[in-house]
Colleague: 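The structure follows.
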Amino acid sequence: MTMTWSDAVNGSTQKPTRPARPSYVPPHLRNDDGVSSFSNVNSYGFSTESTQYGFRSNRIADRQYGRTGTSRGGGRGRGRGLRRGRHDNAWDSNPNPTFTNQEPFDISEKFDELEVVDDDNNDGGGINFDAYDDIPVEANGSEIPPPVKTFAEIDLGERVNNNIKRCKYVKPTPIQRHAIPIAMAGRDLMACAQTGSGKTAAFCFPIISGVLKNRCSQSNPRFTRTVFPSALILSPTRELAGQIYEEAKKFSFQTGVKIVVAYGGAPISQQFRNLERGVDILVATPGRLVDMIDRGRVSLGMIKHLAIDEADRMLDMGFEPQIRRIVEQMDMPKPGARQTMLFSATFPSEIQRLASDFLSNYIFVAVGRVGSSTDLIVQKIDYIQDMDKRNHLMEILHSQRKNGNCGKLALTLVFVETKKGADALEYILSSNGFPAIAIHGDKVQMERERALKSFKSGTTPILVATDVASRGLDIPHVAHVINFDLPKDIDDYVHRIGRTGRAGKSGLATAFFNDKNMSLAKSLAELMKEANQEVPIWLNQYAERSIGGRGQRYGGNKFSGYDFRSGRSGNEDYYYSSSHGNAADYNLDASTSDVSYPACNETYSAAAAAAAEPYIPGPCGYQESYETIVASGWE
DNA sequence: AAAAAAC
């Protein structure tokens, strides 16, 4: 059998590192406060490790005092040297001044552009943290690192801390409070948290911190063009990959950590060029990643951190083989030799079982109610026959425009079942004076991105989407999610409506229901009831008649948020109660809350009250409801 | 039966 590039790589890692470089120090022998030493540029100089950090930090310090990367690097004559030694990662991991468009400095000047601009208010990047204060949490596993209350308690290093401030994150969201200490301790993690509650940061911070600690551990033989990222983040859609990349770039600003994004539909050559400039963290969709690995341009052999976002989707029937191939059949280190973190808002127990193959002695954390979105989203269900859907939609949109801000339409995301249906609805809406644009997987990537941008900017305040847009996308100011066609799976419903009501803000979700959605009736009714929503009588009647729940596929674990290792069926009480009070605690009674969950304040109460605002069910209930709710969605 | 994900 011939020696493949990956054999070569694996072989090379067993050899001593190259003599000219500081010797490799295995992670367990390293100074634990490697990251914190970043916070003091004067404290280096006694060990190999420290020297390296010192070198890096001095360079970073140079930057901090305002010189441009280009002139600086050129002046020192370092550019070429680094470039020559590009594949030696102890050096490579230093920002390379010759590649100006990878320079943190470059990003520095553009940081404000990178930032998600949230101009609603100044309350911490627009995140209504208080809305999260009283959320119950369940954590399972052995020796669980305790949660933190502030970012300051976590030793992420000064650079990352500065970025947290730049992002105006004043304090961690619940998932961040729990997941970050677990991840920082190097533990494997399965995390289940409500949509829009800060999962991306929860896995990015520890990964960036881990990369900073382990920078010198990579090795890359000069004779290949293979790159060896030390962290991999997988996403189910291209747009989500792009979004995670943008976020991660902000979080790692001026740390020297190199992040590259790779997904299909965009020229691979440019992505290769980005890789050649060095990569610590690779954000990718599965297909393009496999392609790159097959071409020998990326090796997973040095992966220390693996994060899978929307992990339940990534392990469902369509995606599972690809993910298994990447995680189990490439040269990725085995569970235990790498850190694996799986995140999603929903996590059916059946999928948890599959996922546990990837994990080693992991901790399960669930924040918020099981598979729930939030109380901040007002959910409304209308009984509408297929043939009446279009007119009904236009009535809603018309009503929204009438009641909206200066006659402008609030951003409205309309989900349909098929790509064809998305195009058709886009056409119908557009030709009836509603500025709409469609996004789906049959469009070329540029059209997809254009659609998203046009929607985000409000140019076309109606986005007609397939499930390509159902997960993870953070689109500020989506006031209304309309399920024109309901999904088959309650989890997809949760993710779809989660495009609104993000970051603690309120939102509205409307669904068009008819006999074809019968199988969803029971789980939908239960989900709504649990979220304190008004459930139409007719929906309850459908729910009683239907077989409901998840059916056999998920073993009846309807709300898909328990640690499957706990053996709970999901048919019993599905509030988290083990660590935090009981169901009655959740909503408004903060007095019985655990100390670690401070009393809710006015903001939360107001939001919850708005969400609990009763609806007048039936077709005539619209006008009044939209007035209040859509307005509050915009604040 | 549909959507997503490589060229």
Side-chain angles (χ1 to χ4, degrees), chain A residues 232-245 260-272 274-275 282-298 300 308-327 329-330 344-346 351 386 413-426 438-449 451-452 463-473 481 483-496 498-499 512 514-520 551 553:
Chain A
L232 175 66
I233 300 171
L234 290 173
S235 146
T237 65
R238 298 164 181 176
E239 286 76 14
L240 181 56
Q243 179 183 299
I244 295 168
Y245 168 69
V260 174
V261 67
Y263 52 76
I268 201 168
S269 52
Q270 181 57 51
Q271 292 173 4
F272 280 148
N274 294 339
L275 288 173
L282 179 59
V283 185
T285 50
R288 179 54 63 90
L289 176 64
V290 168
D291 189 8
M292 287 177 157
I293 295 171
D294 285 345
R295 297 195 201 192
R297 296 294 294 266
V298 171
L300 304 179
I308 305 184
D309 203 3
E310 309 298 343
D312 59 331
R313 159 68 81 241
M314 299 293 263
L315 285 165
D316 79 8
M317 293 193 298
F319 266 123
E320 191 200 345
Q322 281 182 83
I323 301 302
R324 280 204 186 273
R325 191 169 166 215
I326 291 166
V327 178
Q329 288 156 33
M330 301 289 190
S344 182
T346 54
I351 304 284
D386 282 349
L413 181 46
V414 183
F415 281 105
V416 295
E417 175 142 37
T418 65
K419 295 179 271 204
K420 236 177 100 180
D423 282 333
L425 193 55
E426 176 198 36
I439 185 168
H440 58 70
D442 271 358
K443 290 196 164 192
V444 298
Q445 191 56 25
M446 253 178 53
E447 290 176 313
R448 284 167 59 161
E449 277 159 27
L452 201 53
L463 183 67
V464 184
T466 60
D467 272 326
V468 70
S470 66
R471 282 173 173 258
L473 293 188
V481 170
N483 275 289
F484 188 90
D485 301 315
L486 272 163
K488 298 283 174 290
D489 191 319
I490 189 67
D491 284 344
D492 289 330
Y493 173 82
V494 170
H495 285 272
R496 284 179 175 188
R499 294 321 94 210
F512 296 175
N514 61 39
D515 288 12
K516 290 174 186 159
N517 309 115
M518 190 88 91
S519 64
L520 200 66
R553 188 179 152 206

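From a predicted model like this one, the values you see are computed outputs, not experimental measurements. Naming: A, B, ... by sequence-line order, numbering from 1 per chain.
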Colleague: Atom CZ of A/R471 to atom P of B/dA2: distance rounded to whole Å?
Modeller: 20 Å
Colleague: Can you check whether A/D423 reaches A/K443 side chain to side chain, under 4.5 Å on heavy atoms?
Modeller: yes
Colleague: Starting from C1' on B/dA2, measure out to CG on A/D423 and report it in whole angstrom.
Modeller: 15 Å
Colleague: Looking just at side-chain N and O atoms, do A/D309 and A/S235 make a donor-acceptor pair shorter than 3.5 Å?
Modeller: no
Colleague: Ignoring backbone atoms, test whether A/S470 places a side-chain nitrogen or oxygen under 4.0 Å from the OP1 or OP2 oxygen of B/dA3.
Modeller: no
Colleague: Go through B/dA2, B/dA6, B/dA4 for me and flag the one nearest to the A/Y263 side chain.
Modeller: B/dA6
Colleague: What integer distance in Å separates A/N517:CG from B/dA1:P?
Modeller: 18 Å
Colleague: State, without any angle test, whether A/R238 and A/Q445 hold a side-chain donor-acceptor pair at a distance under 3.5 Å.
Modeller: yes
Colleague: Taking only N and O in the side chain of A/T285, is any of them less than 4.0 Å away from OP1 or OP2 of B/dA6?
Modeller: yes
Colleague: Report the distance from atom CG of A/L234 to atom P of B/dA4, rounded to the nearest whole Å.
Modeller: 19 Å
Colleague: Round to a whole Å and report the spacing from NZ of A/K488 to P of B/dA4.
Modeller: 14 Å
Colleague: Rounded to the nearest 0.5 Å, how far does CG of A/D467 lie from CZ of A/F415?
Modeller: 6.5 Å
Colleague: Measuring to OP1 and OP2 of B/dA2, would you say a side-chain N or O of A/K420 lies under 4.0 angstrom away?
Modeller: no
Colleague: Look at the side-chain N and O atoms of A/R496 and state whether any lies under 4.0 Å from the OP1 or OP2 oxygen of B/dA3.
Modeller: no
Colleague: Could you tell me how far apart A/E310 (CD) and B/dA5 (P) are, to the nearest whole angstrom?
Modeller: 13 Å
Colleague: From the options B/dA3, B/dA6, B/dA5, select the nucleotide whose nearest atom is closest to the side chain of A/D291.
Modeller: B/dA6
Colleague: Can you tell me the distance, in whole Å, between the CZ atom of A/F272 and the C1' atom of B/dA6?
Modeller: 11 Å
Colleague: Across the strands shown, which category fits A/R238 at heavy-atom distances under 4.0 angstrom: base, sugar-phosphate, nothing?
Modeller: sugar-phosphate
Colleague: Measure the distance from NZ on A/K443 to C1' on B/dA4 and round it to the nearest whole Å.
Modeller: 16 Å
Colleague: With a 3.5 Å cut-off and heavy atoms only, can you find an N or O donor on one side and an acceptor on the other between the side chain of A/E417 and the base of B/dA2?
Modeller: no
Colleague: Using only heavy-atom distances, determine whether the side chains of A/S470 and A/D492 contain a donor-acceptor pair under 3.5 Å.
Modeller: no
Colleague: Which part of the nucleic acid, if any, lies within reach of A/G441 when heavy atoms closer than 4.0 Å are counted: base, sugar-phosphate only, or nothing?
Modeller: sugar-phosphate
